[in-house]
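Every number for a ligand or one of its atoms is a count from 1 in the order of the listing.
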Amino acid sequence: MAIPNPNPALHFRLTAMPSPISRTVAVVGAGAAGLCAALELRREGHKVVVYERETQIGGTWAYTPEIETDPVGLDPTRNIVQSSLYASLRTNLPREVMGFRVYPFVASRKPGRDGRRFPGHGEVLEYLRDFAEEFRLGELVRFGTEVWHVGLVEDRKWMVRSRKRSGGSEGNKDDEVYDAVVVCNGHYTEPRIAEIPGIEVWPGKQIHSHNYRVPDPFRDQIVVVIGSAASADDISRDISKVAKEVHITSRSVEIGRLGKLSGHDNIWLHSMIDGVHKDGKVAFQDGTQVRADVILHCTGYKYHFPFLETNGIVSVDDNRVGPLYKHIFSPALAPCLSFIGLPWKVVPFPLFEFQSKWIAGVLSGRIPLPSKEEMMMDTEAFYSSLEASGIPKRYTHKLDAYQFEYDNWLATKSGSPLTEEWRKKMYFAAGRRKRSMPEAYRDQWDDEDLISQAHEDFKQHST
Ligand code: FAD
């Protein structure tokens, strides 16, 4: 998807460079994005505090068997579990592509580590811990501290209100004023579920993939899985080992592929659900139907910033967080409010680096931003271009093939090297293998030449 750049001239307005400013910056979240932000902000000379409600770093990579009290995530009073990982999860990107540029994700020599090219989730958490240790990021983090309110105060500063979380109780409230806030709270925690005609009378169970951990509860059951993204693929196969039948339903199944999934005895592909009935039947638009025990929604997530009060300047509308210039700055509140990690269908860690460097440089005044009006015009032109191409609002932050153009735009602004050619080629090669051999792509490949190029490149980080 090529998104037209509405007016490149706006981005290259030259202004006199003021001397670097050191600001006080609050970062919300110590997942991969927050850690990366902390590193780049500190490098730029800012004073950084990272607020993390959990007692460890890693965000979604900190797997937990715990699930939420509402399995579909609709109850606003439910307990919130940050991680959406299932026990069997292995990365869907090769480690060379996935890692930070400043700290490549190479196999560790430490005992007990997972050296596979597409490692299990535990290895990613260990890698993030190594990264945090290497750059002494832990000392910037206030663990067990939840931000419950972020709001504007005078002089365009931000009040960050936090509370200590200990043993399930909340206490020790704290208010602090910062020059800037960088929001890194992740976007895989607030489930989005499919609307299904008749669901109010359907007698079966429903669960969102956010609360899927292991296949055992689905033993001998007939399960309908809604979705076509990586989680739906992985979870269907995981469950099929114990379930009686697994029926995958999605918008994107081609007519010719409907029916039994090749290589599997108990997985079927269907078109969308037409409706469900009180006798337990699930009817699909292709005319088939099954009597199912469970519907598992692998239908994605909503952006959610329950702590952020901007008086309506930034809002979430049909999963568009906006208006935001380049998915990062609110034109009206720039540079003192920014978001890292909103784009999806991307290589997240390097993207966090590009975004963090730009934000850090803009906050210090080293990198100029266009005027508020110019940023707004650019953002509106971007939204219009999506609309003109028939792209729904909820796909505003889906970058996909356009991601490297986006990364390189940020790199140019920050004076960083562009995305490596091997990384792009490896990303697309992995995607092609995933489509052509979904069962085996994590263990079979033919891009050894790209792996060599990556490791040549990584040498500069160890010298
Ligand atoms: P998170 O990891 O969610 O971290 C956000 C942090 O903010 C958390 O630690 C949370 O506790 C904290 N927080 C939230 N609210 C508050 C608050 N109010 N106060 C204080 N702290 C708060 N990426 C890949 O690169 N490769 C993969 O193979 C891959 N597979 C994935 C599989 C699944 C099932 C999912 C869900 C995601 C996958 N991802 C993958 C994407 C993954 O989300 C990113 O890699 C990355 O971990 C996102 O980091 P983050 O920091 O933006 O968010």
Side-chain angles (χ1 to χ4, degrees), residues 26-38 49-64 80-100 105 116-121 123-125 127-128 131-132 141-150 160-165 170 174 181-191 208-213 227 229-235 238 298 300-301 303-308 339-352 355-356 397 403 427 430 434 441-442:
V27 173
V28 183
L35 291 171
C36 180
V49 173
V50 182
Y51 290 86
E52 172 51 57
R53 72 173 161 209
E54 302 299 334
T55 50
Q56 59 173 323
I57 61 140
T60 208
W61 293 104
Y63 171 81
T64 169
I80 302 290
V81 174
Q82 182 75 21
S83 182
S84 298
L85 300 190
Y86 30 95
S88 65
L89 184 134
R90 289 174 67 186
T91 65
N92 52 32
L93 292 172
R95 63 193 309 149
E96 302 86 7
V97 171
M98 187 174 154
F100 291 115
F105 190 11
R116 291 175 295 178
R117 195 174 177 214
F118 293 74
H121 56 79
E123 178 64 17
V124 182
L125 181 61
Y127 163 72
L128 288 175
F131 171 70
V141 184
R142 290 193 194 157
F143 288 104
T145 310
E146 175 171 44
V147 171
W148 63 275
H149 190 260
V150 170
V160 174
R161 315 188 79 179
S162 63
R163 59 190 162 211
K164 278 276 174 208
R165 281 171 113 207
E170 287 161 357
D174 195 18
V181 172
V182 182
V183 178
C184 304
N185 67 326
H187 52 87
Y188 293 113
T189 298
E190 189 71 13
H208 187 277
S209 57
H210 178 58
N211 290 306
Y212 174 77
R213 298 290 180 270
S231 305
D233 281 357
D234 282 352
I235 293 174
D238 214 18
C298 296
Y301 294 86
Y303 294 98
H304 191 50
F305 310 99
F307 50 83
L308 187 60
F339 295 79
I340 295 183
L342 298 187
W344 56 281
K345 208 120 199 316
V346 295
V347 181
F349 294 7
L351 180 133
F352 298 161
Q355 293 188 321
S356 300
H397 305 294
Q403 66 174 298
Y427 170 79
K434 183 167 181 295
Y441 77 98
R442 291 184 172 100

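Separation of the Phe105 and Phe100 ring centroids does not fall under the 6.0 Å cut-off.
There is a side-chain donor-acceptor pair under 3.5 Å between Ser84 and Tyr301. Checking Glu190 against Tyr303 by side-chain atom types alone, no donor-acceptor pair falls below 3.5 Å.
Checked by atom type and distance alone, the side chain of Glu54 never pairs as donor or acceptor with a backbone atom of Gln56 at under 3.5 Å.
Looking at Arg116 and Glu123, no side-chain N of the basic residue comes within less than 4.0 Å of a carboxylate O on the acidic one, giving no salt bridge. Look at Asp238 and Arg213 and you find no salt bridge, because none of the NZ, NE, NH1 or NH2 atoms lies under 4.0 Å from a carboxylate O.
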Between ligand 1 and the protein, which N/O pairs are shorter than 3.5 Å?
residue: ligand 1; atom: 2 (O); partner: Thr60; partner atom: N; Å: 2.8
residue: ligand 1; atom: 3 (O); partner: Gln82; partner atom: NE2; Å: 2.8
residue: ligand 1; atom: 9 (O); partner: Glu52; partner atom: OE1; Å: 2.6
residue: ligand 1; atom: 9 (O); partner: Glu52; partner atom: OE2; Å: 3.1
residue: ligand 1; atom: 11 (O); partner: Glu52; partner atom: OE2; Å: 2.6
residue: ligand 1; atom: 18 (N); partner: Val147; partner atom: O; Å: 2.9
residue: ligand 1; atom: 19 (N); partner: Val147; partner atom: N; Å: 2.9
residue: ligand 1; atom: 21 (N); partner: Arg53; partner atom: N; Å: 3.2
residue: ligand 1; atom: 28 (O); partner: Asn92; partner atom: N; Å: 2.8
residue: ligand 1; atom: 28 (O); partner: Asn92; partner atom: OD1; Å: 3.0
residue: ligand 1; atom: 45 (O); partner: Trp61; partner atom: NE1; Å: 3.3
residue: ligand 1; atom: 47 (O); partner: Trp61; partner atom: NE1; Å: 2.8
residue: ligand 1; atom: 51 (O); partner: Ala32; partner atom: N; Å: 3.2
residue: ligand 1; atom: 51 (O); partner: Ala33; partner atom: N; Å: 3.0

